[in-house]
Amino acid sequence: MMDGGGPAGPGEGRRRVTVDGVAVEVAAGATVLDAVRAAGADVPALCHDDRLAAAGSCRTCLVRAGGRLVAACVTPAGDAPVEVAAADLRQLRRDAVVTIVTPLPPRALSGDRELARTCRSLDIGPAAARGAGGAPRDDSHPYVRLDPDLCIACGRCVRMCADVQGTFALTLTGRGARTVVAPGTGGAWVDSDCVACGGCVDTCPTGALWEPGAPPGSAAAGTVTRTTCGYCGVGCTLQVRVTGGEVAAVLPARDGPVNSGHACVKGRFAYGFLRAPDRLTRPLLRRGGRLEPVGWDEAIGHVARAMREAVAAAGPDTVAAISSARATNEENYLVQKFMRVVIGTNNVDNCSRLCHSPSAAGLTASFGLAGGTDAFEDVERADCLLVVGANPAEAHPVAGARLLAAALRGARLVVADPRAVGLARYADVHLRPRPGTNVALFHGLAHVILAEGLADEDFLRDRTTGLAELRELLAGYPPRAVQEITGVPAADLVAAARHYGRARRPAIVYGLGVTEHLHGTDGVRALANLAILRGAVGTGRGAGVTALRGQNNVQGASDMGALPDALPGYGKVTDPAARGRAERVWGVPLPDRPGLRIPDMFAAARGGRLRVLWIIGEDVCQTDPETGRVVAALAACPLVVCQELFLSETARRADVVLPAAAWPEKDGTFVNFDRRVQRVRPALPAPGEARADFAIVHALAAALGADLGCRTPAEALAECARLTPLFAGLSHERLDREGAVRWPAPAADRPGTASLYRERFATPDGRAHLAAAPYLPPGEEPDADYPLILITGRRWAHYNSGTMTRRTPNLRLDPRDQLDVHPDDAARLGLRDGDEVAVESRHGRARLRAAVGDQVAPGQVFCAFHFPGSGVNRLTATRGDTATSCPEYKVTPVRVRRAGR
Ligand SMILES: Nc1nc2c(c(=O)[nH]1)N[C@H]1C(S)=C(S)[C@@H](COP(=O)(O)OP(=O)(O)OC[C@H]3O[C@@H](n4cnc5c(=O)[nH]c(N)nc54)[C@H](O)[C@@H]3O)O[C@H]1N2
Ligand SMILES: Nc1nc2c(c(=O)[nH]1)N[C@H]1C(S)=C(S)[C@@H](COP(=O)(O)OP(=O)(O)OC[C@H]3O[C@@H](n4cnc5c(=O)[nH]c(N)nc54)[C@H](O)[C@@H]3O)O[C@H]1N2
Ligand SMILES: [Mo]
């Protein structure tokens, strides 16, 4: 916050420094370089990047402070006056740059890179560069090119990789003036540990590292649009640069509230799908069994007619919609309003059903609201991180890198995951429970916390309920018993409980390894118990419980009421008061019976009770469980409408396909995993006749003679704000001004809420509720026929259905789905690395390639579901969480054999 300070001295926590006679104020802890820049003076600083700790190695930022010659980037700003412009200093800096430039070839000085600009500003001409060049370039990687001739060994790339990305893929090799960056593994860049976050490219001052879309020497032309990434729930702020109607580059915003100048292989590089040749650009209508291009009016008219007839013939509940967690808040708001107001049904759901619906249910029951309890900044400051059933190194790389950095700074790290995921390498304790046994594991941790007197008794007395019941239940979960159920050695369990229990500010971060189970909601609640026992939620003595939400707007889609039982802001459709609030704004009576959840929609279709199914941005035929039955449901439903970017597995089975705009083409907002509402802005137009989901919903309403109001996304968010206290203070105008606001945002003139529950919990009685749910086994156990447990999840280079990432050069980084098999199992099954394998479950079969390695435990296998050809979700079961129907994707007994035998 700015501080007026007063005339007498600098503001609190700030320092006053004179630079060449100009007085400037800098923050306490600032360097001389910060002061120089604040004064508008310019010195080169070729080994410096604000995102990194200062190195002070290149000597190009020499200035005088208090009469002494210092490197500005590593010298703390003190009271002494700073001299910059003096001729002798300029000469010293020039000499330092000339020394750096001398061994480089002359081309190093052309173009727009930091080194070339620096040379121009110091009147260093191309003749200063006397190197011959000629070292071989490395063009092996689709996104990162290395031209060693231009490397000045400043080490910025190496430090970005290590300190910001946490990957340690790069090193400096060679001697003296020939020292250059190289992959630490030796060999080609594409075979290295690089995860293509782009940090090295972004910081390189010379063009030694560059991305194919922006070669050194090219000027950064075009328009730049600031928006929010549309891949995962981290919510990175990106700058999209467009030239000639195409994306030329995507850079992470240095001031992005979540990412602070960092990105990952998806947000940063995987935009090629936007102009893929098979992008849908015209509506399609099935005629004589084939999908044929038609005009928008005909396509929309066809859908409207079918909806009208279905409602007239058999009532509004014969129509259902799956809204998209990839689409904006405003679009989700409009879809659910359409279903409730125009059709008159609550049959609307979103992908959260497959993902974090147990989080919404569990966190609401324990604490009162359906979001994570604390800000990610607070998680990063925790002194003990408990990372459970999440693989952020691959699924949320920007957050994962920050968690790793916190651990490397000294926070204790406990990882609970059956697999040796990326973070586990750095864990103080790695708990490897048998899949599906979380509830027992968490009860075991709670047992130790209580038994060793590590619980916060005052907090438990004053602000919680349920302790007596929990205490009684936990008596049955001593470490030995828990070892029996989970396979986790009792000593590890005790060690983990002590780390979490003794920390001053512990934090829990979790993912789908907690939710996608038969008892996922119980898992969330048992995990929340730990934070409650420790008083680490609602107190500032810890950063509570954070779910690493999945899709870019899965939090928002639910917040906006694209749920069969909840209105915008989570008021229940069964609650007359909540309905009344919406009815007053929307002007019609609303249906009061909860609608169908996604799996129930499919069951209704198979049973002949559904006439129109409208699927927006979800590839249910690939990503929902037991896809054979999903395909049957679509076949049984008289009209299936699919709103998509591509002819996905679902779209190609639809009767009407509506071409949609993608996130870089749209206007609106997303909500990220720590409840930040952030703006999404169009950087380029959608191709052909593709339209934003927002416009498509409006067109459909108009064809049914209805007007949904809210003509623009801004008006839609404004209307939502009028409807619900949680978002009352939100508007596009405010978000444009403030960047990001976290809900609850009760009023336009009050800040959003970073940490929840400081005064009271949002439960009816204002208390946190401990849950005493016993451990219950997963839905299926392995046996002699299906002896292995298949876990499914994510790989770093692809995103869910892969519809988008498979249409980018990410395909070269990961060309197919693989089945990870432990060496012991591979030996028993006679499998070698790279063998084609047939995988069978009690529900279906898939075909994959074996990857033998010990990331998985013996008796377990792992694969992703990013390629439709492998058919992974033919294996998984429809069965889901008893509270929310979230599928049990994480536990499927299978048998594996070499294919073709
Ligand atoms: N690259 C990439 N990033 C993504 C996505 C993607 O497809 N690709 N998808 C996005 C989406 S939609 C989501 S929801 C998130 C998901 O992000 P995550 O939740 O991190 O993803 P998963 O890999 O599905 O599962 C996490 C971990 O749960 C572990 N696990 C399985 N069973 C158990 C168990 O019984 N107990 C415990 N403790 N752990 C278990 C698995 O071994 C796995 O490592 O990622 C988002 N980000
Ligand atoms: N076996 C197994 N299966 C799983 C999981 C697992 O862990 N294991 N995880 C589950 C989870 S957590 C999730 S979230 C789901 C994800 O499953 P999906 O939601 O099906 O997957 P996505 O690839 O994220 O996106 C679906 C489609 O949305 C389209 N799309 C993208 N943006 C837009 C847009 O703005 N508008 C429109 N109309 N369409 C758009 C894309 O082209 C893509 O085809 O998968 C689930 N399936
Ligand atoms: Mo997800």
Side-chain angles (χ1 to χ4, degrees), residues 230-234 264-266 273 280 322 324-328 331 350-356 387-397 400 415-419 421-422 424 431-438 441-442 486 510-517 523 547-554 615-625 642-646 648-651 658-663 665-666 692-693 696 778 789-805 807 855-856 860 862-866 872-873 875-876 886-887 889-892:
Y231 277 111
C232 85
V234 170
C264 83
V265 66
K266 302 186 299 300
F273 71 88
L280 294 171
I322 299 178
S324 182
R326 309 299 305 276
T328 63
E331 291 167 337
N350 78 83
C351 198
S352 155
R353 183 68 52 211
L354 314 181
C355 184
H356 275 286
V387 180
V388 189
N391 182 14
E394 298 198 53
H396 300 87
V415 171
D417 196 303
R419 299 187 305 135
V421 288
L431 308 171
R432 301 185 79 167
R434 264 194 287 275
T437 62
N438 285 327
L441 181 77
F442 305 154
T486 63
Y510 74 95
L512 299 178
V514 175
T515 58
E516 287 178 342
H517 288 288
L548 286 172
R549 284 286 190 140
Q551 288 165 311
N552 51 316
N553 200 33
V554 67
I615 303 170
I616 305 172
E618 187 172 323
D619 192 3
V620 295
C621 293
Q622 189 188 338
T623 56
D624 271 59
C642 185
Q643 209 156 296
E644 251 296 342
L645 314 184
F646 295 100
S648 65
E649 292 303 293
T650 307
L658 304 174
W663 60 272
E665 302 156 352
K666 298 210 277 200
D693 296 302
I696 301 174
I789 296 182
L790 170 70
I791 305 173
T792 59
R794 282 133 183 91
R795 309 270 190 199
W796 66 284
H798 288 293
Y799 191 81
N800 292 340
S801 67
T803 317
M804 294 151 103
T805 47
R807 290 178 171 87
Q855 196 181 35
V856 285
Q860 298 169 17
F862 175 85
C863 69
F865 56 105
H866 302 315
V872 167
N873 274 321
L875 301 169
T876 49
C886 180
Y889 288 121
K890 298 294 186 249
V891 187
T892 310

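Every number for a ligand or one of its atoms is a count from 1 in the order of the listing.
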Verify, without hydrogens or angle tests, whether [X] (side chain) and [Y] (backbone) share a donor-acceptor contact under 3.5 angstrom.
{"X": "Lys890", "Y": "Thr792", "result": "yes"}
{"X": "Tyr799", "Y": "Tyr231", "result": "yes"}
{"X": "Ser352", "Y": "Cys355", "result": "no"}
{"X": "Thr486", "Y": "Leu441", "result": "no"}

Polar proximity ligand 1 side, [X] side, N/O cut 3.5 Å exclusive:
{"X": "Ala416", "result": "yes"}
{"X": "Ala395", "result": "yes"}
{"X": "Val421", "result": "no"}
{"X": "Lys890", "result": "yes"}
{"X": "His517", "result": "yes"}
{"X": "Pro392", "result": "no"}
{"X": "Thr437", "result": "no"}
{"X": "Arg434", "result": "no"}

[options]: member with heavy atom nearest to [atom]:
{"atom": "atom 41 (C) of ligand 2", "options": "Glu331, Glu644, Arg353", "result": "Glu644"}
{"atom": "atom 22 (P) of ligand 2", "options": "Arg549, Glu649, Arg326", "result": "Arg326"}
{"atom": "atom 1 (N) of ligand 2", "options": "Asn873, Asn553, Thr876", "result": "Asn873"}
{"atom": "atom 12 (S) of ligand 2", "options": "Arg794, His356, Arg807", "result": "Arg794"}

Open item on the list: The criterion is side chain to side chain donor-acceptor pair (under 3.5 Å); which residues satisfy it with Arg795, sequence neighbours excluded?
Closed with: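 Arg795: side chain to side chain donor-acceptor pair (under 3.5 Å) contacts with Asp820.
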
TODO: Report the part of Asp619 (side chain from C-beta onward, or backbone N, CA, C, O) that has a heavy atom under 4.0 Å from ligand 2; answer both or neither where that applies.
DONE: both

Task: ligand 2 versus Asp624: contacting region, heavy-atom distance under 4.0 Å - done: neither

Please report whether ligand 2 has a polar contact with [X], defined as an N or O pair separated by less than 3.5 Å (distance criterion only).
{"X": "Ser324", "value": "no"}
{"X": "Asp693", "value": "yes"}
{"X": "Val620", "value": "no"}

What protein heavy atom is closest to [atom], reported as residue, atom name and distance in Å?
{"atom": "atom 30 (N) of ligand 1", "value": "Gly513 CA, 3.5 Å"}
{"atom": "atom 29 (C) of ligand 1", "value": "Asp417 OD2, 3.2 Å"}
{"atom": "atom 7 (O) of ligand 1", "value": "Asn800 N, 2.6 Å"}
{"atom": "atom 19 (O) of ligand 1", "value": "Leu512 N, 2.7 Å"}

- [ ] Report the relative orientation of the aromatic rings in His866 and His798; use parallel for angles under 30°, tilted for 30 to 60°, perpendicular for over 60°.
- [x]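 Tilted: the ring planes of His866 and His798 meet at 30° to 60°.
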
Approximate separation, where rounding is to 0.5 Å, of [X] [atom1] and [Y] [atom2]:
{"X": "Ile789", "Y": "Arg434", "atom1": "CD1", "atom2": "CZ", "answer": "7.5 Å"}
{"X": "Phe862", "Y": "Arg419", "atom1": "CZ", "atom2": "CZ", "answer": "3.5 Å"}
{"X": "Leu354", "Y": "Ile322", "atom1": "CG", "atom2": "CD1", "answer": "8.5 Å"}

- [ ] With sequence neighbours left out, write down each residue that passes side chain to side chain contact (heavy atoms under 4.5 Å, CB included) with His356, or none if nothing qualifies.
- [x]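 With neighbours one apart ignored, the set is Ser359, Tyr510, Leu512, Thr515, Ala547, Arg549.
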
Task: Ile791 contact mode with ligand 1 (heavy-atom cut-off under 4.0 Å) - done: side chain

